[in-house]
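I have placed the structure first, in the form of C-alpha cells, so that the comments after it can refer back to it.
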Amino acid sequence: MPPDARAPGRFAAGRPASAGPDPGDPGSPAATPPPAAAAEAAGALCPASEVELAELVAAAAGPLRVIGGGTRGMAPAAGRTLTTAALAGVVLYEPAALTLVVRAGTPVGEVERRLAAEGQRLPFEPMDHRGLLGTRGTPTMGGVAAANVSGPRRILAGAARDAMLGVRFVDGNGRVIANGGRVMKNVTGYDLVRLVAGSRGGLGILTEIAFKVLPAPETQAVLRLAGLDDTRAVAAMAAALASPWEVSGAAHLPAGRDGGAVTLLRLEGFAGAVAGRAGRLAAALAGFGRAEVESDPARVAATWAAVRDVAAFHGREGDVWRLSVRPSAAAALVARAEAAGTLYDWGGGLVWLLMPEGTDLRARLGPVPGHATLVRAAAATRARLATLHPEPPAVAALAAGLRARFDPRAILGGGGS
Amino acid sequence: MEMPRPDGGLIARRDRIVAALRAVLPADAVIDDPAETRAYECDGLTAYRCAPLAVVLPRSTAEVAAALALCHAEGVPVVPRGTGTSLAGGALPTADSVVLGVGRMTAVLEIDTVDRIVRVETGRTNLAVSAAVEEAGFFYAPDPSSQLACAIAGNIGMNSGGAHCLKYGVTTNNLLGLTMVLMDGTVIELGGAHFDAAGLDLMGVVCGSEGQLGVVTEAVLRILPRPEGARPVLIAFASPEAAGACVADIIRAGVLPVAIEFMDRPCIRACEAHARAGYPDCEALLIVEVEGDEAEIAHQLGLIERIARRHAPVLVRESASAEESARIWLGRKSAFGAMGRIGDYICLDGTIPVSELPRVLAAIAALSARYGHSVANVFHAGDGNMHPLILFDANDPASLAGAEALGAEILRLCVAVGGCLTGEHGVGVEKRDLMAVQFSPDDLEAQMRVKDVFDPRWLLNPAKVFPLAASEGRRAA
Ligand SMILES: Cc1cc2nc3c(=O)[nH]c(=O)nc-3n(C[C@H](O)[C@H](O)[C@H](O)COP(=O)(O)OP(=O)(O)OC[C@H]3O[C@@H](n4cnc5c(N)ncnc54)[C@H](O)[C@@H]3O)c2cc1C
C-alpha cells in the first residue's frame, strides 16, 4: 500500500492485482518522476504523499501557489510554490470497466500513452496550453481536472467535469476529503466532484482523480467547407451537429492557413461507419458548398490538435480571450469584438479571440449569453481586468461563501479569479 | 428509520402560517385540508408516510419565491417536490413542514435547434420534454424508467439516470442551466445555453442535492439528434459469471452500446410469467442495444455476437424487426411490475465496479440464503448500477425489518468492493443512516458546509441525506 493508506471503501477499494504497476513500487517510473526532483531543487514544496500534503497545508503560515506542471497560467501570482508533481502515478486502470484512477501529479502525456496502448483515450481531449501561453513544464491530470480543460470533443463526449467520477483533495484546513468514487453512476451525497472540477484550486488541492475513459475510434475523418462567412459557418456547424452522425468536432477558422475561411467537421467511429457518414453529411450540407473529405490519420490528428491548442494564435502578440456562449449568438459577438484573430470551436459555443493588448473585451461586448475569460495578458492588464467573468451578486455571494468555508485562511488563492 | 421530532410550536401556529401563505399566493395554490394533504404524505418509498402542515402548488418562479420567503421568515421547513416518485423518501414530509410542489409549472419556454437546448419549467415530466422536441428530430437523453411520471425537478434533485446513460450520461451531463429560488426567496440563475461555468460550478453541486439547496423552477436541457436506428440483441447464459465476463469483453473490444441490461433467473422467470417476452429459462440474460444506421448496427451486433460466442451462450437472438425489439425490451421494462406480482419488494440501487459483478452476485446469493429472503437481480450492467429486488411480506413487520437488514448488507458490500450506496435513486431518508459506511466524518462535513452556504438555517428538506446525528447541531440552529 502507498503511504497514504486509505480507509477501506474510500474510492479505489477493490483494486485488483492486475491493475498495473503498484504506485508504491519504487521500480515504477511514476514513483520518481523527474519534474518533482526539478521542482524540489528550485525550492518548491513537493509533498510525496497525501498525508504530507495535508500536513504542509495545515501548517502553512501564508498563501500557497499551488501548481501541477504550471503550464496553464492559472496559479496565483504570489505565495510559496507547492507542486503536486511528486503525487504521481496511475492508481488503477481497468480498461474493461472504462475506469482510470490517477494521482493528481501524473503527467497527461503518460496517461494518454497508457490509454492508447489499450485502444482507449480521455473522452474530453484536453488542450495543451503551452504553445498559447509560452509556458514550459509537464501538464498534469490534476491541472486538467482543476481547470476543467476540454477540447473539441466536448460537444459530443462532454467536458473534463463530465468524465470525472471521483476526487480526493486537501482543503484549505488541511483536511483530506473524498467525494464521488470510481464507478460510473453515483449519486451518494452532494456532488463535490463537479464543484471542484474547474475550481482552479480555490477549494482544495486535488490529490487523486477517477476518470471515465472511452474506446478510441477505429477511424477519423474531417470534412472541410471553404469560404463560409461566420454566420453561415455557425449554421453549417449547427446543421451538422443536429444530424444523427455524431459529429465530434465542429470548428471554424475565419482566416485559415491560406487566408480563406475554413469550416471543419470531424467524424469518428468504425471504418465503414465513418466513410458512410462522411458521404451522407457532405450531401446534407450541400447547400453550404462542396465538402472535401480528409481521412489521412496523421493529417486529421494534426488538424484537430491545432484547433484544440489554438495554434493559430501561437507566437502572435495580443491578449487571448475565451468566450463560452450560446452558438447562435457567437457571430454577432465576434463582429462586435473586432478581434485580430478568431477561432470558433464547439460549433460556435467556444470562441477564441486575439485582442489588442489591454482591451476590455467585456466592456466592448456588453451583455454576453455566457462568459468571457481572460486567458493571456500582461500583468498590468490582469491587474485591471478580472480573469473570470463577473457573476451576479447573489451567485458571487454563494461562491464566496463556499471559498470561505473550504479555505477559511484564504491560503489557496481563491481560484485565480 | 427515524425522523426528528416535529416542532410543536410550528404545528400550533399552523393556522397562522396557512393564512400568511394565502395572503401571498393565489387561493387555490395553498392546500391545508387534511383530506387533501394526505395525497402528499409519501413518495415512491411508501413504507414511510407523514402528512405535512400544508402543501403549496405555485404557478411561477415569483410565487415560489414568495412562498419560500414567507416560510423562511416563519422558520418553517420546506420539502420540495416534483411528482413524488422518489424511491428514497426524498420528498417525504415531516409534520411541521410545508411541501412545495412544482407540479403545476410544466411549460416549455424555449426550443432552439441551433443551440440544441430546450428550456422548461421543472414540473414538466421527463417524457414530455422529449415529446416537445420530437418533431424537431431531437430527444432528451436521460430516461429513468419512471419517465412517464417523474418531473425534471426530481431528476435534477436526484441527478437521475436511465437505461441509456452508458452512452449519454445522467442528468448532470445533460443539464446546462437552471433558475432556482434560495430558501430566503432570492432567485438566481446558474449556467445557461452555453457550456461550463465561469467560476465555481454551482449548478454541478445543485444537481443531485435532493432539494436541500434551493427550489429549481426552470431548467435549460441539452437535446440530442435522434439516432437513425437502434436494435437489441438478447444473449442468454448458463451462469452469471459468463454474462459478467461477456460484458467486460464487449466494452474491452471498443464497442460502446447504448445499453447493456442484465437479468438473473428469478427475474427472468417473473418477467416471463408476467409479460411473455419469450425469454429462455436460463441463469442470466443480457440485452445489449446499439445505435446507428442499418450497416452500423449490423457491424456492431456482429462484433458483439462474436464476443458472446466465446462465453458459451445458451442463446443469441438478434432482433430482426421493430416488433421483436419491442418484445425483447418488454420483459425488461416490466421487470419491476412482474416482481410486484410475486410479492412486495424493496428495490436497491447500489453501484459496483463492473469487474466485481460475478463476485458480488455470488455474495448476494449467499446473503439471500442466510437472511431467508429471495433476491432477484435486474440492472444496468454496462455501468455497474445494480437493482437487487428483495422480496418480503408487507403484512409482517419482522419481514420488512429482515429485508431492510439484508438490503443494508448488500449496500455495504457494494461500498466494500469500491462502489457506492446509490447509483441513481438518491439517499433521501432510506440510505441516510448508511452514509458513514461510504464517507468519513470530514467527507460529510465538507458536504454539509455546502448546505450551510445555500441554506444557513437548514430549513430545506433538512432531515435527509445526512445521518441525523451528523446534522443535528445544524438543524437545531
Ligand atoms: C417505477 C419507478 C422506476 C424508477 N426508475 C428510475 C430510473 O430508472 N432511474 C432513476 O434515476 N430513478 C428512477 N426512479 C426514481 C425516481 O423516479 C427519480 O428519482 C425521479 O427523478 C424523481 O422525480 P420526481 O419528480 O418524482 O421527484 P420527487 O420524488 O418529487 O423528488 C425527488 C427529490 O428531488 C427533490 N426535488 C423535487 N423537486 C425539486 C425542485 N423543484 N427543486 C429542488 N429539488 C426538488 C425532492 O425534495 C426530493 O429530494 C424510479 C421510480 C419509480 C417509482
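Each chain gets a letter, A, B and so on, in the order the sequences are listed, and its residues count up from 1.
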Option that, when pairs with chain A are counted at under 4.5 Å, heavy atom only, ranks first among [options]:
| options | value |
| --- | --- |
| B:Ile188, B:Thr172, B:Thr186, B:Val170 | B:Thr172 |
| B:Met203, B:Lys431, B:Lys451, B:Glu189 | B:Lys451 |
| B:Gly137, B:Ala197, B:Gly161 | B:Ala197 |
| B:Met435, B:Arg252, B:His425 | B:Arg252 |
| B:Ile352, B:Leu190, B:Ile117, B:Asp293 | B:Asp293 |
| B:Val453, B:Asp112, B:Val206, B:Val465 | B:Val453 |

### Query
Taking all atoms of both residues into account, what is the closest heavy-atom pair of B:Leu256 and A:Leu98, and its distance?
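Where B:Leu256 meets A:Leu98 most closely, the heavy atoms are CD1-CD1, 4.1 Å.
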
### Message
I need the minimum non-hydrogen distance between B:Gly199 and A:Leu388, along with the two atoms involved.
### Response
CA-CD1, 4.1 Å

### Query
Measuring from B:Arg449:CZ to A:Leu402:CG, what's the distance to the nearest 0.5 Å?
10.0 Å

### Task
Check whether any side-chain heavy atom of B:Glu445 sits under 4.5 Å from a side-chain heavy atom of A:Ile177, and report yes or no.
no

### Query
Are the side chains of B:Phe195 and A:Arg154 in touch, meaning some heavy atoms are under 4.5 Å apart?
yes

### Heavy-atom contacts under 4.5 Å, residues 157-164 of chain A to chain B
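So the qualifying residues are A:Ala159, A:Arg161, A:Asp162.
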
### Task
Scan side-chain atoms only and decide if A:Ser328 and B:Asp115 contain a donor-acceptor pair under the 3.5 Å cut-off.
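Present: a donor and an acceptor within the cut-off.
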
### Query
Does anything in residues 204-213 of chain B pair up under side chain to side chain donor-acceptor pair (under 3.5 Å), and if so which pairs, sequence neighbours excluded?
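Found A:Tyr190-B:Gln212.
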
### Task
Please state whether the side chain, the backbone, both or neither of A:Asn148 comes within less than 4.5 Å of a heavy atom of chain B.
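For A:Asn148, side-chain heavy atoms alone lie under 4.5 Å from chain B.
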
Under 4.5 Å from any heavy atom of chain A - which part of [X]:
| X | value |
| --- | --- |
| B:Leu303 | side chain |
| B:Arg222 | side chain |
| B:Leu444 | neither |

